[in-house]
Amino acid sequence: MKIKISTAVPLNQTPIFIRIPHEKMPQGTFQLRAANGDVFPTQLSDCSLCALLTMPAGISEFELDSAPPHESGVTLREGNEELEILLPGGSFGTYHFGKDAPRPYIWPLYGPDGVEMTRAFPMENRPGEKHDHPHHRSLWTAFDEVNGVNNWHDGEGHGWTRHQRFTDQYSGPVFGGFKAESLWTNAVNEPILTEIRSMRVYNVDETTRLFDYGVFWEATNGNVTFGDTKEAGVIAFRVATSMDGERGGVITNSEGGRGEKECWGKRADWCDYTGEINGETYGITIFNYPSSHDGAPRWHVRDYGLFATNPFSVAAFEGGEKQPFTLSNNTSICFRYRVLLHKGDAESANIAQIGDILKNPPLVTID
């Protein structure tokens, strides 16, 4: 089977999903072979084959060849109320879903060179880290004012995101990850909504880390109203303290904004938070998938280290009359993000180019 891929910009370990008609879907283990002899392992995802492609701008042709079984690149290891994601070079991160945690979170989170990209507090007390906002747990999802329930802070009467089960776990040469079902409740365990959180980690080389993060909310217990509040993060990070804008870190976005003043509360397709860890420059970029709700989100991003997306709130950032968002009973909403953990600043990591690829993906044709 011949596959032709056309791209306006160069690709570098870029996930490409090749949708193949069911009647043509190959059976077994396959790889893409380029004209120059380069080979790229593939992995089945629903009705698509996925490969991490590196190629120049223009048109390249590939042959889909059978291949011996691939060595697993991304694997999972489940423990006591935690699920660790492993790359060939070691741990990528651990998903914690214990009963005592107000909401699930991922920590530690390792970036290029094995550095920890997020703050350890409140899970651990480490010298030099700030201890403010103990509800900021590394990488998590939360929202204040959900049917009036505060599922952002950890104070008295707070809401909970209670893990129910894993609906999927998978490993493979190209990617691995999970889907987890949780129930959002009030303080007395009355259900508000159902969440499916997904995470897919790609087997890129050790110079970067790349993953997709999805949040699916369904109103399974009546209408759900999200308040117009800044205190929210469908995806939220608390970056490593040494990366903080207050300590020389730099926040930039797709609209040319620079610094908290120009990025906080502004709509943008992507936002990047870059700073120093152990004397070297590293960064986290969140890209919004074009298919997510209502286009580009607003960014709740602060010089003290908070980095989050807020898709609903308007008045909280711009002033004026509040505009809450209501999800009607038995309806759902989905958010998708791609996250890059990179070395160097946003310009050297080609963040704008990666964002352009998401908005204008390569064209794939099959002969």
Side-chain angles (χ1 to χ4, degrees), residues 93 96 101-109 111 116-126 128-146 150-155 158-159 161 213 215 226-255 257-268 270-277 282-288 296-318 335 337 339-342 346:
H96 297 267
R103 48 204 70 91
Y105 60 93
I106 294 170
W107 175 82
L109 180 70
E116 289 192 38
M117 302 291 292
T118 55
R119 187 181 69 170
F121 181 79
M123 288 70 69
E124 285 186 7
N125 290 322
R126 294 183 182 173
E129 284 194 340
K130 291 188 293 189
H131 289 178
D132 60 274
H133 300 81
H135 51 284
H136 293 177
R137 289 180 174 84
S138 184
L139 166 55
W140 77 106
T141 291
F143 208 102
D144 191 2
E145 299 182 22
V146 183
N150 186 334
N151 200 14
W152 175 259
H153 292 285
D154 295 351
H158 69 78
T161 302
Y213 190 94
V215 176
F226 297 84
D228 191 331
T229 171
K230 64 182 176 63
E231 306 288 26
V234 178
I235 181 172
F237 288 87
R238 182 62 189 258
V239 304
T241 294
S242 61
M243 292 176 61
D244 290 355
E246 297 172 346
R247 303 193 182 195
V250 178
I251 302 166
T252 55
N253 70 17
S254 61
E255 305 308 298
R258 187 177 179 87
E260 178 185 307
K261 185 177 180 180
E262 295 182 5
C263 296
W264 183 78
K266 303 296 192 294
R267 287 190 180 273
W270 57 259
C271 192
D272 178 83
Y273 208 128
T274 291
E276 287 197 0
I277 304 176
Y282 296 90
I284 301 172
T285 315
I286 305 173
F287 301 90
N288 183 66
R298 298 178 191 273
W299 298 84
H300 188 19
V301 57
R302 296 295 205 184
D303 279 338
Y304 67 74
L306 177 63
F307 184 24
T309 63
N310 186 328
F312 298 140
S313 302
V314 179
F317 298 115
E318 297 183 354
F335 305 90
Y337 306 98
V339 179
L340 178 72
L341 311 180
H342 61 85

In terms of heavy-atom contacts, P102 and H158 come closest through CB-CE1, 3.8 Å
Check: How are the rings of Y304 and H136 set relative to one another: parallel (under 30°), tilted (30 to 60°) or perpendicular (over 60°)?
Finding: parallel
Sidechain N-carboxylate O distance under 4.0 Å for D132, R238
yes
(request) Please tell me if the side chains of L109 and L341 come closer than 4.5 Å, counting only heavy atoms from C-beta onward. (result) yes
To the nearest 0.5 Å, atom CZ of F307 lies from atom OG1 of T285 at 6.5 Å
Correct closest heavy-atom pair for Y273 and R302 would be OH-O, 2.8 Å
Residues Y105 and R137: closest non-hydrogen pair is CB-O, 3.5 Å
Test side-chain contact (heavy atoms from CB on, under 4.5 Å), reference F237, set I286, V301, L306, output is I286
So CZ of R126 and OG1 of T241: to nearest 0.5 Å the spacing works out to 10.0 Å
### Task
Could you tell me whether R258 atom CZ has more than 12 heavy atoms of other residues or ligands within 6.0 Å of it?
no
When rounded to the nearest 0.5 Å, the distance separating CZ of R119 from CH2 of W107 is 12.0 Å
The reported gap from CG in N288 to OH in Y337 (rounded to nearest 0.5 angstrom) is 6.0 Å
Value for CD1 (I284) from OG1 (T118), rounded to nearest 0.5 Å, stands at 7.0 Å
Heavy-atom nearest pair, S254 first then A268, reads OG-CB, 3.5 Å
Next on the checklist: Pair R298, V314 - check side chain to side chain contact (heavy atoms under 4.5 Å, CB included), show working.
Outcome noted: CA-CA 8 Å; R298 298 178 191 273; V314 179; 4.0 Å; yes
Problem - SB check D303 K261 (cutoff 4.0 Å) - result: no
Practice prompt. For W299 and N253, run side chain to side chain contact (heavy atoms under 4.5 Å, CB included): C-alpha distance rounded to whole Å, both residues' side-chain angles, the deciding distance at 0.1 Å, then the answer.
Written response: CA-CA 9 Å; W299 298 84; N253 70 17; 5.7 Å; no
Practice problem: Given side chain to side chain contact (heavy atoms under 4.5 Å, CB included), test H135 with E231 step by step and report yes or no. | Solution: CA-CA 11 Å; H135 51 284; E231 306 288 26; 5.8 Å; no
Heavy atoms, side chains only, cut-off 4.5 Å: are T161 and N151 in contact? yes
In short, T229 meets F143 closest at the heavy-atom pair CG2-CE2, 3.9 Å
Rounded to the nearest 0.5 Å, the OG atom of S138 sits from the CD atom of E116 at a distance of 8.0 Å
TODO: Could you go through the side chain to side chain contact (heavy atoms under 4.5 Å, CB included) check for H96 and M123 one step at a time?
DONE: CA-CA 11 Å; H96 297 267; M123 288 70 69; over 6 Å; no
Parallel, tilted or perpendicular: which fits the ring planes of F335 and F312, with parallel below 30° and perpendicular above 60°?
perpendicular
Note to self: Classify the ring geometry of F317 against W264: parallel below 30°, tilted from 30° to 60°, perpendicular beyond 60°.
What the structure shows: perpendicular
What one should report as the nearest heavy-atom pair of P311 and P297 is CA-CB, 4.3 Å
Is a donor on one side and an acceptor on the other found under 3.5 Å between the side chain of E260 and the backbone of G245?
-> no
